[in-house]
Amino acid sequence: MFTKPTKLALACAGLITTIASTQAQNSSEFNPVVISASRFAEAQSDVPALVDIISKQQIKDGGFTSIPDVLQQIGNINVRNLNGGQLGVGATIDMRGFGASAKDNTLILLNGQRLNPIDSGSVRWESIPMDSIERIEILNGGGSVQYGDKAVGGVINIITRSDLQQSKNIAVKVGSFGTAITSGNYSNQVRDTKFNLDFSASNGDGWRDNSQATQGVAKVGITHYLSQLDKVYFDGSFSTQSYGTPGGVLGQVGQGNPKAVKFNNVGDKNVVNGTNAIFGLTKAISSQDRFEIDFSYKDSGATQYTPNLTDKTTIYDKWAFDLSPRIKRSWGNYGDSVLGFDYSESMGSFVTNTGNVQKANVTNRSYYLTHRLPLSHSLDLLGGYRRQTQDAVAYDYKSSTGQSNAAKEQSANATDLALNYKYGSSNLNKFYARLNNSYRFANIDEYWAMGYGPGPNYSPYRVFSGILAPQKNKTIEFGGEWLFSNRQKFGLTLYRMDSANEIRYDHASGENINAADIRRYGVVATAQLSPSSAWLITPKINLQKAKYQAGSFDGKDIGLVPVVTSSLGVSYKPTSNLTYTSYLNYVGKQRYEGDEENTLNKMPSFVTFDLTAVYKYGAWESSVNIKNVFDKRYANYGGYGFVQTAPGSNGYSYYYYPSDPRAIFLSTRYTFK
């Protein structure tokens, strides 16, 4: 029996080690173990992709108020938010320039389980207590072989489970716009069983009118160790959220009153409750075989209040469960294989106060196989294949037109082929070349188009238009990671992605369509520089383009895709109890959504600068965080289209969603012995 927590933690930590401290200067810091690329633990140098890891310490030192804030500031990922506020409500993550369809082309995972909903709703970031996060792994490029649907532009895996016993603490943060966040963690271990309790409760009045938000989450995790490496575990959470939706501001960025709620959004509000549970087992079958299986269930219920529309309330109900067994087999000199099967069922329904009902049931079945074949001591050939079959059944009822039904079975394939060459001290440097095919299926609400009814309020309504074909993406990619002097690490990837049948919204027809071919290409470069034990500098840059390659918009740019995004993080630790951290972020000019002809003005570029100081004294840790230090007024989402311009009238107009101005936060944390 393994009854000593210290011994057990040390034995298990080898599978999940990440960057433990920004000052640690050893090779393990620059070659951590990751799980996102193959769903099993492996060294980062064995992965033929650019993988960025955000550590728990970086999150603590940055004074962040939401996970999207972490991804934007540290990860240099393009983040858009239509609701504003400091809590990240409704934030969208865009990897590799998908613009308005970004949230459906980047897969967000929690401990390997997908968080993307089956409709076009946002990821529920509030369901993850920030203090529970052990690390965040960002996998650039397609991951459909490993994860299937929506893993097109990239995969972000938020990992909360840790075999190391966490500290016991409670924290309070207060700041601008009535923001208050309380969080805490308690963990313990009794013989071979470890458990964690996490909670977070937050509230914000919002800078804009009707942008208030209140949310909370309670999470429990239990792990029972069968041996040093084998375990069974359970993670469960309940979250709740209520937030206002202020709508867009009419005009180009900088025009109008950015604080004011749009007239037909006055009183709009969403109330959401959700539960999430994951059961899992990891078991070594033999010295060559390792088996893992997990089962997850998610349930979410929401009510949308829109008092200015005919449909004054809409009730959303969603549930999904996933079963994922997989086995990893080592063949000695012939490499190792991963064989897995994913099964899921999900349902979503939308019911309005006028009696209209839309409902869909989706079943997915997938099998996949990956293999790593060593061609030499330094060179690996990696390949993989997945086939996913989806059965979708849609039901539509309107009191005015009656009932419509549709059913469709479709399949999509994903493939991976890569060469990974490692060299240097302990093979920590690598070059890779990769060919990848990924895909996504339509969300259930993309079976319906959006129309606008007659009358003074031009109320929107859904028009059933059928089940779209799956989107296909082909990517060719070259890159590498290099370690110099054990203090500087550089990463680079170059890619070209071609999309066929991409699922997008057509502004001319008001329907969701399989669009004409689109090409994306770009460069992502990262660095981790430590000139001394007190300094850590992390510059990152992303250059990207997205253009139509066929159809009536051949050669035209995709909207909401800035050519340049870049960030510069600097951490200075002059003493063991004091840390200064700053992040400078730049987002270049981008076209408004809806400007398919590329004839309109562009949204302006912007720069934000955040600064945090953290001081530790005994069991206490306090910080001050200033966001948007220079009070830049900017927007990262805007469009041009058919909108209601005034009560009783409508037309074409620019519109945008302003981001928050300068905000100041104070926090303190007490860690129990």
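Every value quoted in this text rests on a predicted model; they were computed, and no experiment measured them.
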- Query: Which pairs count as ring pair (Phe, Tyr, Trp, His ring centres under 6.0 Å) when at least one residue sits in residues 102-121, sequence neighbours excluded?
  - Reply: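 Qualifying pairs, neighbours excluded: none.
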- Applying side chain to side chain donor-acceptor pair (under 3.5 Å), run through T160 and N111 and close with a yes or a no. CA-CA 7 Å; T160 62; N111 298 321; 2.8 Å; yes
Any heavy-atom pair between the side chains of [Y] and [X] that's under 4.5 Å?
X	Y	answer
I108	K103	no
R504	I558	yes
K540	T565	no
W482	N429	yes
T538	T526	no
S378	N427	yes
I537	L568	yes
F441	V362	no

Using modelled atom types and a 3.5 Å cut-off, is there a donor and acceptor pairing between side-chain atoms of [X] and backbone atoms of [Y]?
X	Y	value
R114	Y147	yes
R519	K545	no
N514	P470	no
Q549	D517	no
N413	R387	no
N76	Q73	no
Q410	L468	yes
E137	I35	yes
E481	K430	no
H371	D336	yes

- Message: Under the criterion side chain to side chain contact (heavy atoms under 4.5 Å, CB included), I'd like the reasoning laid out for L375 against L419: C-alpha separation, chi angles, the key distance, then a yes or no.
- Response: CA-CA 10 Å; L375 301 179; L419 284 170; 4.1 Å; yes
Is a side-chain donor-acceptor pair under 3.5 Å present for [Y] with [X]?
X	Y	result
Q44	N31	no
D416	N436	yes
S120	D445	yes
N81	S659	no
T608	N585	no
T493	Y432	yes
N601	Q252	yes
Q388	D149	no
N364	D342	no
Q590	D557	no

Indicate the atoms forming the closest heavy-atom contact of [X] with [Y], along with that distance.
X	Y	answer
G75	D52	CA-OD2, 4.2 Å
R386	S144	NE-O, 2.9 Å
P32	I53	CG-CD1, 3.3 Å
A37	V47	CB-CG1, 3.4 Å
S36	N157	OG-CB, 3.1 Å
L339	Y368	CD1-O, 3.4 Å

What is the ring orientation for [X] with [Y], classed by angle as parallel under 30°, tilted 30 to 60°, or perpendicular over 60°?
X	Y	answer
F606	Y634	parallel
F321	W319	parallel
Y548	F553	tilted
F341	Y343	parallel

- Task: Tell me whether the guanidinium CZ or amine NZ of R290 lies under 6.0 angstrom from the six-membered ring centre of F40 and within 45° of its axis.
- Result: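 No, a cation-pi geometry is absent between R290 and F40.
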- Message: Please determine whether the number of non-hydrogen atoms from other residues, nucleotides or ligands lying under 6.0 Å from atom NZ of K359 exceeds 12.
- Response: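 No.
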- Message: Check this for me: Y423, atom OH, are more than 12 non-hydrogen atoms of other residues, nucleotides or ligands nearer than 6.0 Å?
- Response: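 Result for OH/Y423: enclosed.
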- Would you check, one step at a time, whether the test side chain to side chain contact (heavy atoms under 4.5 Å, CB included) holds for I136 with I156? CA-CA 7 Å; I136 300 176; I156 297 175; 3.8 Å; yes
- Output, in order, the C-alpha distance, side-chain angles, deciding distance and verdict of side chain to side chain contact (heavy atoms under 4.5 Å, CB included) for N116 and D104. CA-CA 8 Å; N116 300 64; D104 305 312; 5.8 Å; no
- Message: As a test of understanding, state which of N105, V152, N473, T475 forms a side-chain contact (heavy atoms from CB on, under 4.5 Å) with S499.
- Response: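 Of the listed options, the one satisfying the test is N473.
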- With side chain to side chain contact (heavy atoms under 4.5 Å, CB included) as the test, would you mind laying out the steps for R96 and N140 before giving the verdict? CA-CA 9 Å; R96 300 207 163 170; N140 288 267; 3.8 Å; yes
Run the salt-bridge test on [X] and [Y] with the 4.0 Å N-O cut-off and return the result as yes or no.
X	Y	value
K602	D595	no
E292	R326	yes
R372	D46	no

- Item | Counterpart residues, side chain to side chain contact (heavy atoms under 4.5 Å, CB included), relative to V79 (two or more places apart) |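 In terms of side chain to side chain contact (heavy atoms under 4.5 Å, CB included), with neighbours along the sequence ignored, V79 is linked to P68, Q72, A91, I93.
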- List for me each residue that meets side chain to side chain contact (heavy atoms under 4.5 Å, CB included) alongside A433, sequence neighbours excluded, and say none if there are none.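 Only F478 meet the side chain to side chain contact (heavy atoms under 4.5 Å, CB included) criterion with A433.
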About how many Å separate [atom2] of [Y] and [atom1] of [X], when rounded to the nearest 0.5 Å?
X	Y	atom1	atom2	value
Y495	Y521	OH	OH	10.0 Å
F295	L323	CZ	CG	7.0 Å
D294	D322	CG	CG	8.5 Å

- Task: Would you please test Y592 and Y655 for ring pair (Phe, Tyr, Trp, His ring centres under 6.0 Å) and show each step?
- Result: CA-CA 9 Å; Y592 286 90; Y655 59 90; 8.0 Å; no
- Task: Determine the sole option in K472, R520, K474 for which the salt bridge (Lys or Arg N to Asp or Glu O under 4.0 Å) test with E502 is passed.
- Result: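 By the salt bridge (Lys or Arg N to Asp or Glu O under 4.0 Å) criterion, E502 pairs with just one of K472, R520, K474: R520.
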